[in-house]
Colleague: 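Before I ask anything, let me first share the structure, which is written out below as structure tokens.
What you see below is based on every heavy atom in this structure, not just the backbone, and it leaves out hydrogens, waters and symmetry mates. Everything quoted here is computed from the prediction, not taken from an experiment. In each ligand, atom 1 is the first atom listed, and ligand 1 is the first ligand listed.
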Amino acid sequence: MPKDGKIHALVWSELTEPKDIYPHGISGVIADYLNANTTNIVAKTATLTDKDQGVSDAALADADVLVWFGHTKHGEVTDASVARIKKHVEERGMGFLGLHSTHFAKPYKALMGTECSWRAYVEDGKPAKILVADETHPIAKGVEPFIIAREEWYGEPYQVPTPDAVVFVGVYTDNREVARDGLTWTVGKGRVFYWRPGHETYPIYHMPEVLHIRENGVRWCAKWI
Ligand code: ZN
């Protein structure tokens, strides 16, 4: 439970997502939603060009959870930034919520300790069916199965450690592909949640269902629920 009665979320994006869909980044959509629709989450945004790449020791010390979207600039994140993030998760219990292509982000890979690769990446723009795999998990609270109209799918196997929970699965290409789309781990003192859907050329991060899952994920990563 955060110490001052509020969850402090630091929402980071490299800001390579399309400006016509995300004028203020995926980070802007998430932070604006949390600030406007909750009374006990305070969200700030950060990016690669900020001081210490937006993840200074002071910025991380203020965060109960770090939300991360990376895609084409993983290589620009320094080892020093990765080390700071890893330390705050493992030793202080800061949560980490990784989005979609973040599976190859350096801080996420450092937390997982594995390759974090998927078998396949197919941007066919077809519908995805998102199902709740663990109805008892706090991140699934209030979430019903839903359809994402257009999405890119990633194919199993996904090279990560065995998760503590598989909260959501996605069903793709006429039921032929099933992917673990919402996974949790405990890393040191911290909680990690990976949410796979959300290819940046589609307006998926604006969807109410996805924003709701994100809010639940922030609360869970911050040990509020
Ligand atoms: Zn993608």
Side-chain angles (χ1 to χ4, degrees), residues 11-31 33 45-48 54 66-77 82 96-112 114-131 133 139 143 146-160 163 166-185 192-214 217-218 221:
V11 189
W12 191 99
S13 170
E14 60 182 35
L15 299 180
T16 51
E17 46 274 34
K19 288 277 178 285
D20 56 333
I21 305 174
Y22 301 108
H24 306 293
I26 284 169
S27 49
V29 172
I30 295 170
Y33 175 84
T45 59
T47 189
L48 202 53
L66 176 62
V67 182
W68 193 276
F69 177 81
H71 182 214
T72 65
K73 295 193 173 183
H74 298 318
E76 295 182 30
V77 177
V82 174
F96 186 95
L97 199 169
L99 303 169
H100 188 62
S101 43
T102 296
H103 73 92
F104 270 155
K106 286 167 70 178
Y108 179 74
K109 289 182 72 171
L111 291 167
M112 293 290 102
T114 59
E115 281 304 304
C116 300
S117 55
W118 290 82
R119 184 196 90 245
Y121 305 87
V122 182
E123 191 192 343
D124 56 9
K126 290 186 175 169
K129 195 188 312 175
I130 307 299
L131 305 176
I139 299 177
V143 181
F146 65 100
I147 303 284
I148 296 172
R150 302 185 69 204
E151 174 60 312
E152 165 192 51
W153 61 268
Y154 292 179
E156 295 275 3
Y158 179 30
Q159 302 292 346
V160 286
V166 178
V167 187
F168 303 102
V169 296
V171 182
Y172 300 86
T173 66
D174 301 326
N175 300 322
R176 289 196 301 276
E177 290 282 345
V178 178
R180 295 172 295 167
D181 274 357
L183 304 169
T184 69
W185 296 267
V192 176
F193 175 48
Y194 172 72
W195 168 253
R196 198 221 60 84
H199 187 60
E200 71 284 350
T201 61
Y202 306 120
I204 295 166
Y205 295 85
H206 295 287
M207 293 178 67
E209 298 92 337
V210 174
L211 288 162
H212 178 71
I213 290 169
R214 196 91 63 248
V218 163
C221 285

Colleague: Keeping the roles fixed (side chain from His103, backbone from His100), state whether a donor-acceptor pair exists under 3.5 Å.
Modeller: no

Colleague: Quickly, which of Glu200, Glu14, Glu17 forms a side chain to side chain donor-acceptor pair (under 3.5 Å) with His71? Name it, please.
Modeller: Glu200

Colleague: Aromatic contact between Phe168 and Trp195, with the criterion being ring centroids under 6.0 Å apart: yes or no?
Modeller: yes

Colleague: Within a strict 4.5 Å, meaning less than it, do heavy atoms of the Pro163 and Thr184 side chains meet?
Modeller: no

Colleague: Go around the Zn ion (ligand 1) and count every protein N, O or S atom nearer than 2.8 Å.
Modeller: 3

Colleague: Less than 6.0 Å separating the ring centroids of His206 and Tyr22?
Modeller: yes

Colleague: Taking side chain to side chain contact (heavy atoms under 4.5 Å, CB included) as the definition, give me every residue that meets it alongside Ala128, ordered by chain and number, with sequence neighbours left out.
Modeller: Ile130, Ile148, Glu151, Tyr172

